[in-house]
2 protein chains.
Amino acid sequence: MKDPIEYLGPRLKEIRLKTGLSLREIARQLDVSPSFVSQIENGKSQPSVATLYSLAKLLGVPVDVLFEAHGEVVPAPTKSSAEVERGNFEHPMDAWDSSRARISAVNPNNRSVITMDSGVTWERLAATSEGSVNFMEINYEPGAETNKTGELIFHDGFEYGYALDGELEVTIGDLVLQLSKGHSIGFDSSIPHRFRNLGKSPFKGVWFVHGCGIEH
Amino acid sequence: MKDPIEYLGPRLKEIRLKTGLSLREIARQLDVSPSFVSQIENGKSQPSVATLYSLAKLLGVPVDVLFEAHGEVVPAPTKSSAEVERGNFEHPMDAWDSSRARISAVNPNNRSVITMDSGVTWERLAATSEGSVNFMEINYEPGAETNKTGELIFHDGFEYGYALDGELEVTIGDLVLQLSKGHSIGFDSSIPHRFRNLGKSPFKGVWFVHGCGIEH
DNA sequence: TCACGGTGTTAACTAGGAGAGAACATCTGC
DNA sequence: GCAGATGTTCTCTCCTAGTTAACACCGTGA
């Protein structure tokens, strides 16, 4: 039996490529040098347990899978299309300014709307006074995706979603799942993720994003 | 959040003791010095990935287990069907224990359910690892109310709601409003509040309760 | 065409810690 | 008493995790 640790490097690279993150981006997040990440992936060096752990966390996989010899390669590449302009801010909970009201009630035809890339809209469900929170209905038109470049995004905090209508392909780390009416999810937003509507009808969902107030 | 790596040593010791192996025996098997094993268990030193791996293998546990905070390995994530319990706890976000998973996906017929007083149920929408958060679908049968005594309740944190179906009378402070499909609210939970279903059909809504980040 | 930003790779180096080895203080049971 | 377990805490060494270069390779745009 060969040493499973030999596979660690290649395995890491495989998973990283699946997430679409660059080696340098990983390094930036882990606060190590890019060269070191390269050395790890090529088996020229080994991480400490600490970096191994945060590496696994960042990629959204349990540590154990890093020791497994082979994972099946899922294609899931990209597909770019027409260009649109986007609302851009680095964190989804900064989408709206926080209000001062302690109570907020919103009815459906009265919502504040933000239009993102290519058929993605956010409608605010409550004008909260909390700065670190965003409560909204998200809409993905058929073909729409979080990021038209196909890259996965990540940010501090947690995200919770409830599917109201339509279907949504959700990719979190190397986990891919299909969300349909009534399904719900919750996940650590620091795991790289992406949503895509591969179906024929628009997807609607109740979404809740909140930061943990951690700064880096 | 504390560094899970701090737990590694104690966790190892705990598991080792459970297996009945002596520290020196472990050292012999791993081909390292007994003192080093001791240093690891007491957090005075950290193993390399290689020794960490063979350590886990020797103890017969997946590596991930070594990073979990405290005992009770028990992999089962409460997958089974609707378990029914009576709810009494002081704060709605303590309704379920926080899980360790960073990603949680739940489908509608697989939710963990808590039955409250008089026709009120909570169904968990995500087994979050955040302690201060609760993401759920709430159900108010016709005639059901938050508190059958008619009193208003309050607690720390914030609450956000989205009405899926039916009607709900919401009282927050001296504000009374009617929630119907598509309506949404958000409010400071420290304001005394109460919900009542005065209609003829059950009310369903997506609810999100979260504390102010206070640890307990 | 060159410049510039991105990507991943390798070499040379260093500081810190992984791990050794001894000596320590317990407990048994003979 | 001693001989054998157990786990702990020193001190010390040498290896290696992680650095800073500089490297070559794209694209893209001016």
Side-chain angles (χ1 to χ4, degrees), chain A residues 3-59 63 66-67 73 77-83 88 90 147-154 192 216, chain B residues 3-59 63 66-67:
Chain A
D3 201 350
I5 293 176
E6 293 179 15
Y7 300 127
L8 195 144
R11 196 86 181 85
L12 277 171
K13 185 167 201 164
E14 182 187 339
I15 296 175
R16 176 178 65 82
L17 292 177
K18 227 183 273 183
T19 69
L21 288 171
S22 85
L23 175 154
R24 280 180 143 86
E25 184 56 40
I26 297 275
R28 211 166 296 133
Q29 290 291 319
L30 291 188
D31 202 36
V32 298
S33 68
S35 75
F36 186 48
V37 177
S38 170
Q39 289 171 44
I40 292 173
E41 288 189 349
N42 296 337
K44 312 238 175 180
S45 191
Q46 284 189 351
S48 69
V49 277
T51 52
L52 178 77
Y53 180 80
S54 29
L55 204 37
K57 219 170 80 170
L58 178 60
L59 293 174
V63 181
L66 299 181
F67 293 114
V73 182
T78 79
K79 153 179 176 317
S80 66
S81 47
E83 45 149 302
N88 61 333
E90 59 297 348
N147 210 330
K148 63 169 174 252
T149 67
E151 287 166 4
L152 283 74
I153 61 161
F154 56 92
H216 45 122
Chain B
D3 202 349
I5 294 177
E6 292 178 16
Y7 301 126
L8 196 143
R11 197 85 183 86
L12 276 170
K13 184 167 201 164
E14 182 187 340
I15 296 175
R16 176 177 65 81
L17 292 176
K18 230 178 269 182
T19 69
L21 288 170
S22 84
L23 178 152
R24 278 181 145 85
E25 183 57 38
I26 296 277
R28 207 168 301 129
Q29 295 280 337
L30 291 188
D31 200 37
V32 298
S33 69
S35 76
F36 185 48
V37 177
S38 170
Q39 289 170 44
I40 293 174
E41 288 188 349
N42 296 336
K44 313 240 175 179
S45 192
Q46 283 188 351
S48 68
V49 278
T51 51
L52 177 77
Y53 180 79
S54 29
L55 204 36
K57 224 170 71 172
L58 179 60
L59 294 173
V63 180
L66 302 180
F67 293 114

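A note on names: the letters A, B, ... follow the listed sequences, proteins ahead of strands, and every chain is numbered from 1.
Taking all atoms of both residues into account, the shortest heavy-atom contact from A:L23 to A:E41 is CD1-OE1, 4.0 Å. When all heavy atoms are compared, the tightest approach of B:F36 to B:P47 is CZ-CA, 4.2 Å. Scanning both residues, B:R24 and B:P34, for their nearest heavy atoms gives CG-CB, 3.8 Å. The minimum heavy-atom distance linking B:Q46 with A:V49 is given by the pair OE1-CG2, 3.3 Å.
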> Starting at the 5' end of DNA chain C, what dot-bracket string do you get if Watson-Crick and G-U pairs under 3.5 Å are bracketed, crossing pairs use [ ], other-strand pairs use | and unpaired bases use dots?
Replying inline: ||||||..||||||||||||||||||||||
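When the side chain to side chain contact (heavy atoms under 4.5 Å, CB included) test is applied to A:S54, the partners found at least two apart in sequence or on another chain are A:L30. Under the rule for a salt bridge (charged side-chain N to carboxylate O under 4.0 Å, His left out), the partners of A:R28 that lie at least two apart in sequence or sit in another chain are A:E25.
Note on A:Q39: a base of the nucleic acid sits closer than 4.0 angstrom, heavy atoms only. A:S38 comes within 4.0 angstrom of a base, heavy atoms only.
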> Can you check side chain to side chain contact (heavy atoms under 4.5 Å, CB included) on B:I26 and B:V32, steps first, answer last?
Replying inline: CA-CA 8 Å; B:I26 296 277; B:V32 298; over 6 Å; no
> Step by step, would you call B:T51 with B:S48 a side chain to side chain donor-acceptor pair (under 3.5 Å)?
Replying inline: CA-CA 5 Å; B:T51 51; B:S48 68; 3.3 Å; yes
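Side-chain N/O atoms of B:T51 include none lying less than 4.0 angstrom from OP1 or OP2 on C:dA18. Between A:K44 and C:dA12 there is no side-chain polar atom (N or O) within less than 4.0 angstrom of OP1 or OP2. Contact annotation: B:N42 reaches the phosphate of D:dT8 (side-chain N/O to OP1 or OP2, under 4.0 Å). The phosphate of D:dA17 (OP1 or OP2) has a side-chain N or O of A:S45 nearer than 4.0 angstrom.
Between the CG atom of A:L52 and the P atom of D:dG18 there is a distance of 10 Å, rounded to whole Å. We find that CG of B:L8 is positioned 11 Å from P of C:dA18, with the value rounded to whole Å. Going from atom CZ of B:F36 over to atom C1' of D:dT13 covers 14 Å, rounded to whole Å. Nucleotide D:dT8 holds its C1' atom 14 Å from the CD1 atom of B:I40, rounded to whole Å.
With values rounded to the nearest 0.5 angstrom, B:K57 atom NZ is found 5.0 Å from B:Y53 atom OH. For the atom pair CG (A:L52) and CD1 (A:I40), the distance works out to 8.5 Å, reported to the nearest 0.5 Å. Summarising the geometry, atom NZ belonging to B:K13 is positioned 6.5 Å from atom CG belonging to B:L17; distances are rounded to the nearest 0.5 Å.
Comparing D:dA17, D:dG18, D:dG7 against the side chain of A:Q46 picks out D:dA17 as the nearest. Which of C:dT10, C:dT9, D:dG7 sits closest to the side chain of B:R16 comes down to D:dG7. Relative to the side chain of A:L23, the nucleotides D:dT19, C:dG8, C:dT10 differ in distance, and C:dG8 lies closest.
If you find the closest nucleotide of DNA chain D to B:S48 and to B:L17, the one lying nearer the 5' end belongs to B:L17.
A heavy atom lying under 4.0 Å from DNA chain D marks the following residues of residues 25-35 of chain B, by number: B:S35.
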>> Each nucleotide in nucleotides 23-30 of chain C should get exactly one letter: B, S or -. Can you fill that in based on protein heavy atoms under 4.0 Å?
In response: --------
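For residues 46-55 of chain A, the set of pairs meeting the salt bridge (Lys or Arg N to Asp or Glu O under 4.0 Å) definition, not counting sequence neighbours, is empty.
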